Structures are given as structure tokens and as C-alpha cells.
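Throughout, protein chains are lettered first and strands after them, A, B, ... in sequence-line order, and every chain is numbered starting at 1. Treat the numbers as computed from the prediction; the structure is a model and nothing was measured.
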Amino acid sequence: MTDKAEATTPPVTDAEPPFRYGARLAGEIEQRWQTWWREHGTYASPNPTGPLSDGFDDITGRAPFFVLDMFPYPSGAGLHVGHPLGYIGTDVYARYLRMTGRHVLHSFGYDAFGLPAEQYAINTGQHPRVTTEANIANMRRQLARLGLGHDTRREIATTDVPYYRWTQWIFKKIFDSWYDEDLDRARPIAELTAEFDAGTRVPSRQANPSGRPWAELDAAARRKVVDGYRLAYLAEGLVNWCPGLGTVLANEEVTAEGRSDIGNYPVFRRPLRQWTLRITAYAERLMADLDLVDWPDSIKQMQRNWIGPSEGAHVTFATVVGSAEGPGAPAGPAVEVYTTRPDTLPGATFMVLAPEHPLVDALTAAAWPGDTPDGWKFGEARPAGVDWTPAAAVAAYRDFAGQRSDRQRGEEFDRTGVFTGAYARNPISGAAIPIFLADYVLLGYGTGAVMAVPAHDQRDFEFARTFGLPTPPVLAPDDAFLAEHGLSSNDPVDAWPVAFSGEGEYLPAPPGAPVLTGLSKADAVKTTVSWLEAAGGGRAARSYRLRDWLFSRQRYWGEPFPIVYDETGLPIAVPDEVLPVELPEMTDFRPTPMAEDDTSDPVPPLARAAGWTTVTLDLGDGPREYRRETNTMPQWAGSCWYYLRYLDPTNAERFVDPEIERYWMQAADGPAGDGGVDLYVGGVEHAVLHLLYARFWHKVLYDLGLVSTKEPFKRLFNQGMIQADAFLDSRGMYVPAAEVTIDPDGAPRHEGEPVTRRSGKMGKSLKNSVTPDEMYDMYGADTLRVYEMAMGPLDADRPWRTDDIVGSHRFLQRLWRNLVDEATGEPRFVDADLDDEANRALHRAILAVRADYAGLRFNTAVARLIELTNFVSKHYGDARRPPRALAEAMALMIAPLAPHVAEELWSRLGHEGSLVREPFPVGDESLAAESTVTLPVQVNGKVRFTLSVPAAAGEDDIRSALTAHEDYAKYTDGKTVKRLIIVPGRIVNIAVA
RNA sequence: GCCCAUGUAGCCCAACGGAAGAGGCGUCCGGUUCAGGGCCGGAAGGUUGGGGGUUCGAAUCCCUCCAUGGGCACCA
């Protein structure tokens, strides 16, 4: 920042003409038109039906277009100039669309539940309801000054009780659904129980571990079975427990460093019973349907990475417990593993289960097999004097693994584990291979068990070396591998420093095994899978990195679950008539503080709400008392469906009227299920979390017939981030950027001391925030809008420079001065036709600006309008006035970018009312065309002279003009013209030898 | 380590494979002005990150390296 930036007084002096476009006049114009728009409901978009349908008949013939901004949370710090970038972008585009015949829906709202709002409330010692409402009011004020054309009748906040009532209702729909793998869609749970009752479907072994027939199960047992099918279910699982926040977090809210996304507190893994949403049922569709949407490739790639599909096979291993051989050894349960390399199955020399694998107890032997090496017994954990059985060792190891699973990434992973005393039978080699537990195998991925092929997998290799297990190769390494590690093809596998995981020649197979010699890896995988399928020991399978979505939080400021429990402890959804389940008023809403090593269950704040935790309901068998669920939903819940509520925000009967939903969401022409929000603009930080969750909810609603499109957001656009310089003093502390001065040689100083410059996100922590309010005062909102759009492409990150914004202000000032007399305020125009040069300038600008607006290239649209303005300044200088047609076109063309000044110009040019729905000027190619063009003539790629020809000249005309040109002979005499390239209207290139 | 994006004038950024420059900031010169600021007119400013290739012609397409930003990373 230079000294100039400190001058917050507007650049206005006594000598300034009364109608010069400066900060004072801009402010007056902006306030006046914002009031006018509000009073006339200019941006209200009528629905086809329902309470918001007034005026719908007037928009006949206008095709609907739904523009959406990502839902912000109302921060207590207020907005800085980086925040509204996307909001301005959508507003410019929406205004352009209104002027080109579209019926635009554009509203706004606040994602006001959740951790950021609650942390702010806790830090300031106020109730979150109070701080949230104050923050929303401040944000609304700041945004209103920008002149955004929102239909404010549709504004919502997730914390509004009438809104979260429907969030709870949708949760109930998810709870009351199950995923039918055969039909590949969600169905109501009632259809599942009907099929069980009719005997047309039998509960899966997983949902019904007892295996007893449905008909013989009592009511509670049946409920347990059905609960195992629900898309929202309670599960005991390893969760990300964050004592610092007093809550658990979703995987997506934990950083790669094992800390909370919010607040950067340490996160620990521990088992807890939590609400979980079965998003993994949709993994395949969430992958495949990315092909249906128009999103940036990078975002699609991030979603694909997150879902993380892999192709492989499930292979079943028979087991024996307590002894490798021996006819007397008892058989254990079969274990299924997931592998992407079934071709290496002959080389599997041991098996590893995740420490929490459900079959561990069944596989743990009563005593160590006779030849068990001491190193397999996890003896380091053995307390003195304890009888060290496999069960004791396994328990000790599970405890150990649970403690340390929060270790940091990027570290060397050591290989720890314990032998269970059980063996598995390798289906190909027939060998008995030991079964270990090790924490490098994760319960949540694949089947939670792996066949370890140490020769060809680095993790298995390291484990085998640590535990002294054999590493027989299945395929011979390629030359590159040998060369890299200084090996020859004769060297034994013991000489390998690492596993060979590439492709190579398969070694001869043992008798009875599938023959892979000479096959590629892909063919070898196929051959082995076919062999396994024939032998009944395996099948092809896909696996996903994606996990089910942990959906409860031990916090106050969220949607309460519409769930109660009866004496069985099983969950029951409350009837729709009881919705909403309102948050109880509490004076102490803080999470219960927990020590990091506390192993007791977290206590949600709602569990302390006296008089709320139990409720008397009549669920069909008379009034009885039920216990409420005291967890709340995560912040993401409310943002999973807000775009649908914008469509029909006041509906008390439905979450959205189907007719209104179809009108705005369904593609006019396209296959069934096509459509979605026409343009969704937001930051790349939501690439995975919000966009994946919202797609999941939308697909559930689609399966249940509640929405008409397969995807919520047809087109996605990521706006860039505005960054700003920050300055560090000699101690490495940030100093306020606004107080930094720049020496003439460019060196930054703060209070006389040199400081170092660093670029970063604008914000409190870097002390480099610039607020929109400051910019309104200095230049007005229109200038801020134009500057933010002119800085660069909408999707690019760009650095904020307060010094640069003056250029956008001067532009609007020149534009104004061309059209309005600065001394009198009278319009400057004549009723006369444009000359050819002015017509060319105007129509070239119209054609370019239209295309730029339509393509979201607002930076180049600004440049073209500046160009035209500069032309008008020169062409119609002080004395002359521009023709009316030119003046009006300029007012209309600037309107999307600078709506206030455009309205003012439009009205001073003699029009009544607003130009918001005036037709955008249409360019004429023939008027824009030059009559003659100057073609550069290159000789061997270098420009040597130019050629003036009629614009319409064809190749032959140009050739004759060229050969007649005096310079032609100069460059070709005595040389051979090898080739002559003529691109009419563009260039001529002579290739000579 | 793997994947993606971006490198153009002091700075922010334009440029269907066709003359390196549309627009803005800054700098310098001039005009207006008592002066400053503002406004107006003009000018300077380049190895398009480096190297190689394709092409009549490359900022643009391909390969490679470098820099910056982002995503993923014990996922069997």
C-alpha cells in the first residue's frame, strides 16, 4: 500500500464539477437505484405456480435460467473484497441473461449452522442465534451495497426453523430408504419389509448375523435387521475424535496432518456409535454421472480421486486355527480378501487383517502353534508375569494400533503386527500361510483383509522382511528394475532391496495353477479371476476409497435429528406432524471439554437440555415416553439442498413443489433426468465435501421421485481467489498491510523498518484485509464491481491492488463524461446517424462484448468497453456530442457490470424506469467490417512488408496484389519461391530458398 | 512420490497456429492548472520461464527440465 491508499477521503475537491462521476455522485446514484429496485421488486422472479407466481404471465417466452452462488457462512469478521468476486460474477451474468431474453432466478442465503458460527459464538460469549443473526445482518448490508440483483423474497438461512424442518424431513426420507443393488437405486424401507414379509427377499447375512428366518424373528430383531439396510444408520466405527472441538469429524474435515480442518486441533481415532449415511452405495453413480455435468475437469478429477475406485478381485481363503497342518486343527471361518493383483496370488505367503476385523476373535488360537517365532508374538507389550497367549497378544496389539493410528503422514511407516495363531490355505499353491494383524491394513477399505505378496508389494515386502517371512517371486523383474537396483537377473529375491511391483515375465506356475507365462498383467489378472471363479474361490470386484459419511456431531448449533429411541435402544423417526424438532434454548451450549486421553464417550450439549431429552409421543400404541437423539447434524446437511428451497421458499406443505422444481431444474430438451442448476459458481475449496454430499442427497431424492434431475448442478464454475500482499517484520510477525509504505525503489517499510512482502489469502491472520466498505467510500460500488471483473479471468487467482482500482474508476468517469455534461448534468447526445468509423467501433464492440459476457469473460468485456469509451472520447471530443444510438448502446452494454451508473445514464437519456430487461444491443457484422485490411507479408516467417487489400479479397486477388508490390521483387529476385501461403484476411508468407 | 493448473513489459492481464499487445496500474514527456491533485494527449518498456521438436509460420501443439499454486498419498 502506498500513501495514497490511506487517503480515505474521496478524490473530490472544491473545484470539481457538480456532476462529475466521483465517489460522492456514485454513492448517491447507487443508493437511489438500490432503493428504486427494492421498491419495484425489480429482481423478483415469478414462479409458474404458488405464492410467488405474481407476474408469471409477463415472462412468457423467456426460458428459465437458474444462477446459483455457493452458500456462504456468515462470518463474524465481515466481508473483505475477496469474498464477493463470485457474487459479482454471477450478478453480471444474470443481468446479461435478463437483457438477452432469459427468465433468471438468482437468490442468496446463509449456511449459518455449524462449527464456524458456533466457535465464533463461544469465543465472544454470546448465543449462536444472536451472533448468527448479527453476522447475517452485517453481511446482507455489505452485499446490498454491491447492488446484487437477488430475489430477496427467496432468501433463506439454514438456521431458520421453517427451513431446518425440511432438512429434518429429508433426513427422515434417507432414514426411511434402503439401496436396492439389483435396481441400482434407493427405495422406501416399507418396500423392503414387504418383500421380507412376502418371502420374496431374504435378509442378508450381514444384516441378519443370526441367520434365523425373518418369520421367526421378534419385532426388535426385525427392526435390527431393517436398520442394517437403511441409508442412515447407527454404526460403531472408528471415528475422528477431536477433543479440542469436543466433537467427531468426517474424514473430509480432517487434514492430511491428522488435525481438524477448523481450528487445527489434533484428531484421534476411536470407536464410537454414530449416525452414518450410506454414501458408498452411490459410489459408482457419483463416478459415472460426472459425465453428465459440465464441470471443470480438475474438479471432476478431484471427485474421482476422492471416490477412488480400483479394479480387483475378492478371493476367499479357508482357514485353520492353532496349527498349520495337523488333521486335528479346527477349521476357522473363511476370510475374504480384496486384491488388485490376483495374478500374484501364488506368491501370497501370509495374510494380514486389520486389527479391528470382525473375524479376529474367531481366528485367534487358544495357544501358539509349536514353531511360532518369538518375534511374531508382539512380546514387547507383554507385562511381566502375564501368560502370553495369542488372545493376550492380539488384545495388546489391537490396543496399541488404536492408540497410534493418528500418526502423521509422510513419516516412515514401521511394520508392526501380531500373529493370530491361525493359518489360511492359499487356493493356488495350497500352502498354509500365517494370518497376522497389522495396522497397515485398514478396516474400511476393501474387505479389511489382504493376501500379502511380499515380492510384489512394497508394504508386504517390508512386513515380510521384519517378520522373517518368505518372498517368492511370481514374475521376473524387468531390466529397468534390475538396472536401477544394480541387480542381475540371476540374483535371488533376497538381494532385492524393494518389492517389484511392475510388469514382467510370469514365472512357470506350480501344478494345478493357472498358466500365466507370456501373458500381460491385464490378461494374467483375467485368467486368474476366471480360474478362481471356476474354483469357487473368488470373483472380480471393485473397491472404493470413499467411506460412508459420518453424520453426527456432539455440538449444539446444528439441526437436531428427528429421531427418538424406545426401550430397545433402537432408533425411531418421529412422525412428520412433530416436525420440526426445534433446538432447545440453552444458556450453556458449549461442548463438554474433554482431555485428549479421555476414553469416556463425549457428552453432546443437548444431553444436558433438561426437559428436552425425553418426549412423550403416541406412535400408534398410545402415549409413551421416548428418549431423544442428542447429537446434531453436521454443517453440510443444510447446504445439501438449499438450492431446491430457493425455488419454493415459503411452501409449508412440501420441501419444494414438484411443478416449480421441474420448471427451474429440468432441462427443456434432453434425456430423462437431465438438468440441474444452470450455473453454479463457487470456490474450489468445496470441490469434494459439499459437492459430493449435495450430489448424494440429490440422487437419493431423485431415486425417491422427489426431484426430476439426476444431478443437482449442471454447470459448475470455480471463481479464483483474490490474494493480497502481506508484510512480515524482522521478528516474522505480520504487520498491518494498510500501514506499509513503499520506498521509491519498491522496498516496503512499516514504521520506518524494512519488512518483507509475502502473498497470501486475504484475512485477519495476515492483517491484509481490504473491505468493500472502504472501496464504496473511495470509489463507489460500481467501480469495485468493474475492477473485480477487470482484474483477470473469473476462474484465475489474482492479487488485489488497491492502487489499480483507480483505473476502473477513471473508465466509468470517462464513460459518464461522454454522455453527461459534468457542469449541468444534462445528457450529451445528438439525434444523428453514426458515421462509418463510429459504426465500426460500436458494432465491433457489441459483437465482442456480447460474446465475452456469454462466455463469462468479463475481463475482456471490460477492456472492449474501455476501448469504445476511449474511442468516443476522441471521436466526439469536448464540443461534439455522440449520437443517441451510440449513447444508449453504451449505457445498455455497461449495465451488467455497473448497473447503477447504467440506470442513471439510461434515465438521463430520457427513459422511464429500469433498463434491467431492455434488450441488449445486437451487433451487425457488416457494419463492423473494415473495408480494407493490411496484411503482413512474411518472408521465411519474418514480417518484411505489408499489403493493403480490400477486406473481401480472396487468395487470387491477394496474389496479384502481392506480385505487383514493389517489395515483392526485392525479396524474391534471384531466389526460388518454394511455397506461397496466403490466408485471406490474415497473412501472407513467402517461403524462399 | 503421483496427478492437475499456471508461467507474456516493473505489476495485473489480452492475443481462432498467422505482425508479440486489447485493456488497466506504474514510469517518463507534454497540455490544462498559481501549485498540487484531478483530467487530457503522447512515449518508453520484451530472449512470451529454459531447452528441444512439429510447422511456411508456435505465446498457442508435442517432449523435457525449472518455478509457483492446488489435489491425492500405507487404499491392498
By the Watson-Crick or G-U definition, both distances under 3.5 Å, B:U48 is matched with none
| said: Give me the distance, rounded to whole Å, that separates B:G45 from B:C25 when you measure between the C1' atoms they each carry. | reply: 14 Å
Lys/Arg-Asp/Glu bridge criterion (N-O < 4.0 Å) met for A:Glu503, A:Lys521: no
### Message
For the P atoms, the ones on B:G21 and on B:C29, what distance do you get once it is rounded to whole angstrom?
### Response
26 Å
Requested in this report: Can you check whether any acceptor in the base of B:C3 is under 3.5 Å from a donor in the side chain of A:Arg304, or vice versa?
Outcome: no
Validation row, ring centre A:Tyr544 to ring centre A:Tyr445 under 6.0 Å = no
### Query
Expressed in whole Å, how much space separates the C1' atoms belonging to B:U27 and B:A44?
9 Å
So does A:Arg979 get a side-chain nitrogen or oxygen closer than 4.0 Å to the phosphate oxygens (OP1/OP2) of B:U55? no
request  = Assign the ring pair A:His690 / A:His686 to parallel, tilted or perpendicular, where the plane angle (0 to 90°) is split at 30° and 60°.
outcome  = perpendicular
Next item on the list: Fit a plane to each ring of A:Phe945 and A:Tyr971, take the angle between them on a 0 to 90° scale, and name the class: parallel (under 30°), tilted (30 to 60°) or perpendicular (over 60°).
Entry: parallel
In whole Å, what separates the P atom of B:C11 from that of B:G50? 14 Å
By the Watson-Crick or G-U definition, both distances under 3.5 Å, B:G36 is matched with none
Give me the distance, rounded to whole Å, that separates B:U47 from B:A9 when you measure between the P atoms they each carry.
9 Å
When both distances are under 3.5 Å in a Watson-Crick or G-U wobble arrangement, the nucleotide paired with B:G1 is B:C72
Rounded to whole Å, the CZ-C1' distance (A:Phe436 to B:A76) equals 17 Å
- [ ] Using a heavy-atom cut-off of under 4.0 Å over every strand shown, decide if A:Asn870 touches base, sugar-phosphate, or nothing.
- [x] sugar-phosphate
Distance between C1' atoms of B:G10 and B:C28 (Å, rounded): 13 Å
On a whole-Å scale, what distance lies between the P atoms belonging to B:A73 and B:C3? 16 Å
Please classify the nucleic acid contact of A:Val937 as base, sugar-phosphate, or nothing, using heavy-atom distances under 4.0 Å. nothing
Pick the P atom in B:G7 and in B:U48, then give their distance to the nearest Å.
15 Å
Practice prompt. Check if the side chain of A:Arg415 and the base of B:C74 share a donor-acceptor pair of N or O atoms closer than 3.5 Å.
Written response: yes
Heavy atoms under 4.0 Å, any strand shown: does A:Asn940 hit a base, just sugar-phosphate, or nothing?
nothing
Any strand, both distances under 3.5 Å, Watson-Crick or G-U wobble: B:U54 pairs with none
Between CD1 of A:Ile894 and C1' of B:G23 the distance, given in whole Å, is 13 Å
Of the candidates B:A22, B:C75, B:G69, the side chain of A:Arg545 sits closest to B:C75
Winner on side-chain proximity to A:Arg459, out of B:A76, B:C56, B:A22, is B:A76
Can you give me the N/O atom pairs linking the protein to nucleotides 14-19 of chain B at distances under 3.5 Å, or say none if there are none?
from: B:A14; atom 1: OP1; to: A:Asn859; atom 2: ND2; distance (Å): 3.2
from: B:C16; atom 1: N4; to: A:Arg986; atom 2: NE; distance (Å): 2.6
from: B:G18; atom 1: N2; to: A:Asn989; atom 2: ND2; distance (Å): 3.3

Whichever of A:Ser298 and A:Tyr338 has the more 5' nearest nucleotide on RNA chain B, that residue is A:Ser298
### Query
Does the side chain of A:Thr860 come under 3.5 Å of the side chain of A:Asp852 through a donor N or O and an acceptor N or O?
yes
* Got more than 12 heavy atoms from elsewhere within 6.0 Å of NZ, A:Lys761? -> no
With a 4.0 Å cutoff (strictly under), does any side-chain N or O of A:Gln813 reach OP1 or OP2 of B:C39?
yes
Closest to the side chain of A:Arg801, out of B:C11, B:G23, B:C75, is B:C11
Winner on side-chain proximity to A:Asp804, out of B:G24, B:A73, B:C3, is B:G24
Scanning all shown strands, the Watson-Crick or wobble mate of B:G7 with both distances under 3.5 Å is B:C66
Separation of B:C40 atom C1' from A:Leu815 atom CG, nearest Å, is 17 Å
To the nearest 0.5 Å, atom CG of A:Leu947 lies from atom CG of A:Leu962 at 6.0 Å
Here the distance between atom C1' of B:C13 and atom CZ of A:Arg798, to the nearest Å, is 10 Å
From the candidates B:C72, B:C39, B:C4, the one with an atom nearest any side-chain atom of A:Arg20 is B:C39
Test side chain to side chain contact (heavy atoms under 4.5 Å, CB included), reference A:Val988, set A:Val983, A:Ile981, A:Leu980, output is A:Leu980
In whole angstroms, the gap separating C1' of B:G23 from CZ of A:Arg844 amounts to 14 Å
From CG of A:Leu353 across to C1' of B:A76 the rounded distance in Å is 13 Å
For B:A43, the nucleotide meeting Watson-Crick or G-U wobble distances (both under 3.5 Å) is B:U27
salt_bridge(A:Glu462, A:Arg465) N-O dist < 4.0 Å:
no
Separation of B:C72 atom P from A:Tyr544 atom OH, nearest Å, is 20 Å
Rounded to whole Å, the CD-C1' distance (A:Gln458 to B:C2) equals 16 Å
Walking RNA chain B from its 5' end, the first of A:Tyr445 and A:Gly941 to be reached, judged by nearest nucleotide, is A:Gly941
Item checked: N/O (side chain, A:Arg817) to phosphate O (OP1/OP2, B:C39) under 4.0 Å -> no
Just checking A:Phe463 against A:Phe350, ring centres under 6.0 Å apart? yes
When both distances are under 3.5 Å in a Watson-Crick or G-U wobble arrangement, the nucleotide paired with B:C13 is B:G21
Side-chain atoms of A:Pro799 come closest, of B:C12, B:A76, B:C40, to B:C12
Interatomic distance, CZ@A:Arg810 vs OH@A:Tyr779, rounded to 0.5 Å, equals 8.0 Å
